[in-house]
Amino acid sequence: MGETAADTRAEIERTRSELGATLSKLRSRTVVVRGRVVRVAVIAAGTAAAMGATVAAVVVLRHRRGGPITRAAKNLPEITHGVGLPIARASERWVSRRAQRAQEQREQLIEAISIKIAENQAQAQRRANPLWRRAAGTAIETAASLGVAALIRRAMSERASRDVGRSGSLSAPEKV
(Lines give C-alpha, C1' and ligand atoms only; values in the text may rest on other atoms or scores of the structure.)
Protein backbone atom coordinates (compact mmCIF):
# COMPACT_ATOMS: atom_id res chain seq x y z
CA MET A 1 0.00 0.00 0.00
CA GLY A 2 2.80 2.41 0.71
CA GLU A 3 1.18 4.35 3.54
CA THR A 4 -0.26 3.37 6.86
CA ALA A 5 -3.28 4.81 8.57
CA ALA A 6 -0.97 6.70 10.93
CA ASP A 7 0.82 8.32 7.96
CA THR A 8 -2.51 9.31 6.48
CA ARG A 9 -3.68 10.77 9.78
CA ALA A 10 -0.41 12.65 10.19
CA GLU A 11 -0.72 14.08 6.69
CA ILE A 12 -4.32 15.10 7.34
CA GLU A 13 -3.33 16.76 10.61
CA ARG A 14 -0.45 18.57 8.90
CA THR A 15 -2.80 19.76 6.14
CA ARG A 16 -5.37 20.79 8.73
CA SER A 17 -2.74 22.80 10.64
CA GLU A 18 -1.58 24.45 7.40
CA LEU A 19 -5.19 25.35 6.62
CA GLY A 20 -5.59 26.69 10.14
CA ALA A 21 -2.52 28.87 9.65
CA THR A 22 -3.90 30.09 6.33
CA LEU A 23 -7.25 30.90 7.91
CA SER A 24 -5.49 32.74 10.73
CA LYS A 25 -3.59 34.82 8.20
CA LEU A 26 -6.81 35.63 6.35
CA ARG A 27 -8.54 36.61 9.58
CA SER A 28 -5.66 38.84 10.62
CA ARG A 29 -5.82 40.65 7.28
CA THR A 30 -9.53 41.34 7.63
CA VAL A 31 -9.37 42.84 11.10
CA VAL A 32 -9.09 46.49 10.18
CA VAL A 33 -10.41 47.86 13.44
CA ARG A 34 -7.74 46.22 15.52
CA GLY A 35 -5.05 47.70 13.29
CA ARG A 36 -6.56 51.16 13.57
CA VAL A 37 -6.82 50.92 17.34
CA VAL A 38 -3.22 49.77 17.59
CA ARG A 39 -2.10 52.66 15.39
CA VAL A 40 -4.01 55.18 17.50
CA ALA A 41 -2.63 53.68 20.70
CA VAL A 42 0.93 53.72 19.36
CA ILE A 43 0.61 57.32 18.23
CA ALA A 44 -0.92 58.34 21.57
CA ALA A 45 1.73 56.46 23.53
CA GLY A 46 4.52 57.93 21.40
CA THR A 47 3.15 61.42 21.86
CA ALA A 48 2.79 60.91 25.60
CA ALA A 49 6.33 59.49 25.82
CA ALA A 50 7.77 62.38 23.82
CA MET A 51 5.96 64.92 25.97
CA GLY A 52 7.08 63.14 29.13
CA ALA A 53 10.69 63.08 27.94
CA THR A 54 10.51 66.77 27.07
CA VAL A 55 9.06 67.66 30.47
CA ALA A 56 11.67 65.51 32.21
CA ALA A 57 14.50 67.16 30.26
CA VAL A 58 13.18 70.63 31.04
CA VAL A 59 12.79 69.80 34.73
CA VAL A 60 16.31 68.38 34.94
CA LEU A 61 17.84 71.37 33.14
CA ARG A 62 15.91 73.87 35.24
CA HIS A 63 16.85 72.01 38.40
CA ARG A 64 20.55 72.18 37.52
CA ARG A 65 20.69 75.87 36.81
CA GLY A 66 17.53 76.80 38.62
CA GLY A 67 14.31 77.87 37.07
CA PRO A 68 13.25 81.39 36.30
CA ILE A 69 12.26 82.07 39.91
CA THR A 70 15.63 80.94 41.28
CA ARG A 71 17.55 82.83 38.59
CA ALA A 72 15.57 85.96 39.39
CA ALA A 73 16.22 85.49 43.10
CA LYS A 74 19.97 85.24 42.39
CA ASN A 75 19.81 88.72 40.88
CA LEU A 76 18.53 90.15 44.17
CA PRO A 77 20.98 91.94 46.43
CA GLU A 78 23.41 89.64 48.24
CA ILE A 79 21.83 90.32 51.63
CA THR A 80 18.49 88.78 50.55
CA HIS A 81 19.94 85.52 49.18
CA GLY A 82 19.64 83.74 52.55
CA VAL A 83 15.88 84.22 52.57
CA GLY A 84 15.00 84.64 48.88
CA LEU A 85 16.78 81.63 47.37
CA PRO A 86 15.19 78.96 49.62
CA ILE A 87 11.75 80.44 48.98
CA ALA A 88 12.46 80.56 45.24
CA ARG A 89 13.63 76.93 45.21
CA ALA A 90 10.58 75.79 47.19
CA SER A 91 8.32 77.65 44.76
CA GLU A 92 9.98 76.00 41.80
CA ARG A 93 9.66 72.55 43.38
CA TRP A 94 5.95 73.20 43.93
CA VAL A 95 5.53 74.33 40.32
CA SER A 96 7.41 71.28 39.00
CA ARG A 97 5.29 68.90 41.13
CA ARG A 98 2.18 70.63 39.85
CA ALA A 99 3.43 70.23 36.27
CA GLN A 100 4.14 66.54 36.93
CA ARG A 101 0.60 66.03 38.22
CA ALA A 102 -0.77 67.81 35.17
CA GLN A 103 1.32 65.52 32.94
CA GLU A 104 -0.02 62.43 34.73
CA GLN A 105 -3.59 63.68 34.32
CA ARG A 106 -2.91 64.29 30.64
CA GLU A 107 -1.63 60.72 30.23
CA GLN A 108 -4.72 59.37 32.00
CA LEU A 109 -6.95 61.40 29.69
CA ILE A 110 -5.10 60.10 26.63
CA GLU A 111 -5.52 56.53 27.91
CA ALA A 112 -9.24 57.07 28.51
CA ILE A 113 -9.69 58.62 25.08
CA SER A 114 -7.82 55.73 23.44
CA ILE A 115 -10.10 53.25 25.20
CA LYS A 116 -13.19 55.17 24.08
CA ILE A 117 -11.92 55.28 20.49
CA ALA A 118 -11.32 51.51 20.56
CA GLU A 119 -14.80 50.88 21.96
CA ASN A 120 -16.41 53.13 19.34
CA GLN A 121 -14.46 51.48 16.53
CA ALA A 122 -15.45 48.02 17.77
CA GLN A 123 -19.09 49.10 18.01
CA ALA A 124 -18.98 50.50 14.48
CA GLN A 125 -17.42 47.24 13.28
CA ARG A 126 -20.18 45.24 14.97
CA ARG A 127 -22.83 47.41 13.32
CA ALA A 128 -21.15 47.08 9.93
CA ASN A 129 -20.63 43.36 10.41
CA PRO A 130 -23.74 42.00 12.20
CA LEU A 131 -23.90 38.73 14.06
CA TRP A 132 -25.48 36.81 11.18
CA ARG A 133 -22.56 37.79 8.91
CA ARG A 134 -20.00 36.76 11.48
CA ALA A 135 -21.86 33.47 12.05
CA ALA A 136 -22.12 32.89 8.30
CA GLY A 137 -18.40 33.56 7.92
CA THR A 138 -17.60 31.08 10.67
CA ALA A 139 -19.94 28.51 9.10
CA ILE A 140 -18.31 28.99 5.69
CA GLU A 141 -14.85 28.59 7.22
CA THR A 142 -15.94 25.41 8.97
CA ALA A 143 -17.54 24.04 5.81
CA ALA A 144 -14.39 24.85 3.84
CA SER A 145 -12.24 23.03 6.40
CA LEU A 146 -14.50 20.00 6.31
CA GLY A 147 -14.62 20.07 2.51
CA VAL A 148 -10.85 20.20 2.22
CA ALA A 149 -10.53 17.38 4.73
CA ALA A 150 -13.04 15.31 2.71
CA LEU A 151 -11.16 16.02 -0.53
CA ILE A 152 -7.91 14.97 1.07
CA ARG A 153 -9.50 11.84 2.47
CA ARG A 154 -10.97 11.04 -0.96
CA ALA A 155 -7.66 11.68 -2.72
CA MET A 156 -5.86 9.49 -0.22
CA SER A 157 -8.38 6.68 -0.60
CA GLU A 158 -8.19 6.88 -4.43
CA ARG A 159 -4.41 6.74 -4.21
CA ALA A 160 -4.58 3.73 -1.92
CA SER A 161 -7.04 1.95 -4.21
CA ARG A 162 -4.82 2.68 -7.25
CA ASP A 163 -1.84 1.26 -5.38
CA VAL A 164 -3.88 -1.84 -4.53
CA GLY A 165 -5.05 -2.13 -8.13
CA ARG A 166 -1.50 -2.08 -9.45
CA SER A 167 -0.16 -4.67 -7.09
CA GLY A 168 -3.21 -6.89 -7.44
CA SER A 169 -3.39 -7.79 -3.78
CA LEU A 170 -3.08 -6.38 -0.30
CA SER A 171 0.11 -8.29 0.36
CA ALA A 172 3.46 -6.76 1.12
CA PRO A 173 4.63 -3.99 -1.20
CA GLU A 174 6.84 -4.91 -4.11
CA LYS A 175 10.56 -4.57 -3.77
CA VAL A 176 12.34 -2.92 -6.60
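- Atom CD1 of residue I140 and atom OG of residue S145 lie 12.0 Å apart, to the nearest 0.5 angstrom.
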Run E13 and R16 through salt bridge (Lys or Arg N to Asp or Glu O under 4.0 Å) and show every step you take.
CA-CA 5 Å; E13 287 302 318; R16 196 174 280 159; 3.0 Å; yes
Kindly determine whether R106 and Q103 satisfy side chain to side chain contact (heavy atoms under 4.5 Å, CB included), including the steps that lead there.
CA-CA 5 Å; R106 181 181 181 280; Q103 179 68 24; 4.3 Å; yes
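- Note: R97 CZ to R93 CZ = 7.5 Å, rounded to the nearest 0.5 Å.
- For the atom pair CZ (R153) and CG (L146), the distance works out to 9.0 Å, reported to the nearest 0.5 Å.
- Within 6.0 Å of atom CZ in R154, 12 or fewer heavy atoms from other residues, nucleotides or ligands are found, so the atom counts as exposed in its surroundings.
- One distance of note links CD of E104 with CD of E107; it measures 7.0 Å at 0.5 Å rounding.
- Hydrophobic clustering (ILVMFWY, side-chain heavy atoms < 4.5 Å, transitive): V148 and I12 are in one cluster.
- In this structure, the separation between CD on Q123 and NZ on K116 is 9.5 Å, given to the nearest 0.5 Å.
- Atom CE of M51 sits about 8.5 Å away from atom CD1 of I110, to the nearest 0.5 Å.
- Annotation: R14, atom CZ; neighbour count of heavy atoms from other residues, nucleotides and ligands within 6.0 Å is above 12.
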